[in-house]
*Asks:* 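What follows is a single structure, and I will ask about it in a moment.
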Amino acid sequence: MKRFIMFFMALTLMMPCVNAQNKILQKAIKKEYKTKMKQYKKEGWKLFGSSRSLDVALLKHYDKLETLGENAYEIVGICAKYKSDNVGHQAAINNACNTYARNAGSHVKGRVVSDMASNGDDTSAEFDHFYAAYETLVEKEIRGEMQESYAIYRDLGNGEKTMQVYFIINEDAATKARIRAYENAMKESEAAQKYATKVSEFIREGFEAEQGK
């Protein structure tokens, strides 16, 4: 009973702190939203492929990110110049998948090189083929986990446009995709098989997007 009372008192003391943190977070998100919308309007961005307003799309995007919390991975696909909407949209999706795959490969390569170097092992040449195969397979596997949040475009003139497509990836699902890619890439790499346990640990790690969360 005494332990329960102490736990309840500690919880009561923590609540004001948690509420304060939530208010600070909500205030920061609101400020970020206003800044983003101001930027979009100034640069002439418009919402693509939806009857909703850009304001609503951005609010829903932030809501998804907040709901998933640390499990959310945001990534942006870009098509710098296009004339056909379908071509531009698909090119931006491909760019996002490719960016995620490169990030995944770079993360693993960095961890492997750092770990092996600290042990005095020089396996960089052995792993080159593995990295290339792994990135290709991650790009293929992650497509099924990409959740398009919203897409925006703006006119460049002369019938040309540029597009940005925002995605939210569930990190739990993304980890499974990376593992599937690793298992297939490992079959052709003796180095990856030799250090299977270590490499598997690096594959399972989450990583920050270059654009930030």
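All heavy atoms count here, side chains included; hydrogens, waters and symmetry mates do not. Start at 1 with the first residue, then count along the sequence.
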*Asks:* Less than 4.5 Å apart, side chain to side chain, heavy atoms only: is that true for His89 and Glu148?
*Replies:*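 Sidechains of Glu148 and His89: in contact.
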
*Asks:* Would a 4.5 Å heavy-atom cut-off, applied to side chains only, mark Val112 and Phe130 as touching?
*Replies:*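 A side-chain contact is absent here, since even the closest heavy-atom pair is not under 4.5 Å.
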
*Asks:* Surrounding NZ of Lys64 (heavy atoms of other residues, nucleotides or ligands, distance under 6.0 Å), is the total greater than 12?
*Replies:*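 Yes.
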
*Asks:* If I compare all heavy atoms of Ala57 with all of Tyr150, which pair ends up nearest, and what's the gap?
*Replies:*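 Heavy atoms only, the tightest pair is CB-CB, 4.0 Å.
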
*Asks:* Any side-chain heavy-atom pair from Tyr182 and Ser200 closer than 4.5 angstrom?
*Replies:*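 The answer is yes, as the side chains (C-beta and beyond) meet within the 4.5 Å cut-off.
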
*Asks:* Show the nearest heavy-atom pair for residues Ser149 and His61, with the distance to one decimal.
*Replies:*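 For Ser149 and His61, the tightest heavy-atom pair comes out as OG-ND1, 2.7 Å.
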
*Asks:* Quick check: is Val138 connected to Ile179 through a chain of hydrophobic side chains (ILVMFWY, heavy atoms under 4.5 Å apart)?
*Replies:*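 They do share one cluster, since a chain of ILVMFWY contacts under 4.5 Å joins Ile179 to Val138.
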
*Asks:* Relative to the ring of Trp45, is the ring of Tyr40 parallel (under 30°), tilted (30 to 60°) or perpendicular (over 60°)?
*Replies:*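 Correct class here is perpendicular.
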
*Asks:* Would Val199 and Leu137 show up in the same hydrophobic cluster when neighbours are defined by side-chain heavy atoms closer than 4.5 Å?
*Replies:*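 No; Leu137 is not reachable from Val199 via cluster members.
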
*Asks:* For Arg154, does the CZ atom have more than 12 heavy-atom neighbours from other residues, nucleotides or ligands under 6.0 Å away?
*Replies:*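 Enclosed.
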
*Asks:* Testing the basics here: between Gln164 and Ile78, what is the closest heavy-atom pair and its distance to 0.1 Å?
*Replies:*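 In this case the closest contact between Gln164 and Ile78 is CG-CG1, 4.3 Å.
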
*Asks:* Out of the candidates Glu171, Glu183, Glu135, only one should pair with Arg178 under the salt bridge (Lys or Arg N to Asp or Glu O under 4.0 Å) rule; please name it.
*Replies:*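 Result for salt bridge (Lys or Arg N to Asp or Glu O under 4.0 Å) with Arg178: Glu171.
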
*Asks:* Check whether the ring centres of Tyr73 and Tyr100 lie less than 6.0 Å apart, and answer yes or no.
*Replies:*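 Ring centres of Tyr100 and Tyr73 closer than 6.0 Å.
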
*Asks:* Can you tell if the side chain of Lys46 reaches within under 4.5 Å of the side chain of Asp155, non-hydrogen atoms only?
*Replies:*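 Yes, at least one pair of side-chain atoms sits under 4.5 Å.
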
*Asks:* Could you state the interatomic distance from CZ (Arg102) to SG (Cys97), rounded to the nearest 0.5 Å?
*Replies:*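 Reported to 0.5 Å precision, the distance equals 11.5 Å.
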
*Asks:* Nearest 0.5 Å, please: how far is CG in Asn184 from NZ in Lys140?
*Replies:*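 Between atom NZ of Lys140 and atom CG of Asn184 there are 7.5 Å.
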
*Asks:* Hey, what do you get for NZ (Lys36) to CG (Leu59), rounding to the nearest 0.5 Å?
*Replies:*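 Reported to 0.5 Å precision, the distance equals 13.5 Å.
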
*Asks:* With the side chain counted from C-beta on, respond yes when Leu54 and Lys41 share a heavy-atom pair under 4.5 Å apart, and no when they do not.
*Replies:*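 A side-chain contact is absent here, since even the closest heavy-atom pair is not under 4.5 Å.
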
*Asks:* With the side chain counted from C-beta on, respond yes when Leu58 and Tyr166 share a heavy-atom pair under 4.5 Å apart, and no when they do not.
*Replies:*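 Heavy-atom side-chain distance check fails, nothing below 4.5 Å.
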
*Asks:* Measuring only between side-chain heavy atoms, which start at C-beta, is Leu65 closer than 4.5 Å to Glu74?
*Replies:*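 Yes, at least one pair of side-chain atoms sits under 4.5 Å.
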
*Asks:* Counting distance only, does the side-chain N/O of Thr162 pair as donor-acceptor with the main-chain N or O of Cys79 below 3.5 Å?
*Replies:*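 Answer holds: yes.
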
*Asks:* Can you give me the closest heavy-atom contact between Val165 and Ala151, atom names plus distance?
*Replies:*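 Closest approach of Val165 to Ala151, heavy atoms only: CG2-CB, 3.8 Å.
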
*Asks:* Can any side-chain N or O of Asn170 pair as donor or acceptor with the backbone N or O of Asp172 at less than 3.5 Å?
*Replies:*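 Here the side-chain-to-backbone pair exists.
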
*Asks:* Might you point out which heavy atoms bring Ala174 and Ile169 nearest each other, and give the distance in Å?
*Replies:*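 The pair with the smallest heavy-atom distance is CB-CG2, 3.6 Å.
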
*Asks:* In terms of side-chain heavy atoms, does Asn94 have a donor or acceptor partner in Gln90 at a distance below 3.5 Å?
*Replies:*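 Side chains of Asn94 and Gln90: pair found under 3.5 Å.
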
*Asks:* With hydrophobic residues grouped by side-chain heavy-atom distances under 4.5 Å, do Met37 and Val56 end up in a single group?
*Replies:*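 Met37 and Val56: separate clusters.
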
*Asks:* With salt bridge (Lys or Arg N to Asp or Glu O under 4.0 Å) as the test, pick out the partner of Arg143 among Glu145, Glu141, Glu139.
*Replies:*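 Filter result, single survivor: Glu139.
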
*Asks:* For Leu156 and Ala80, work out which heavy atoms get closest and say how close.
*Replies:*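 Minimum heavy-atom contact is CD1-O, 3.6 Å.
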
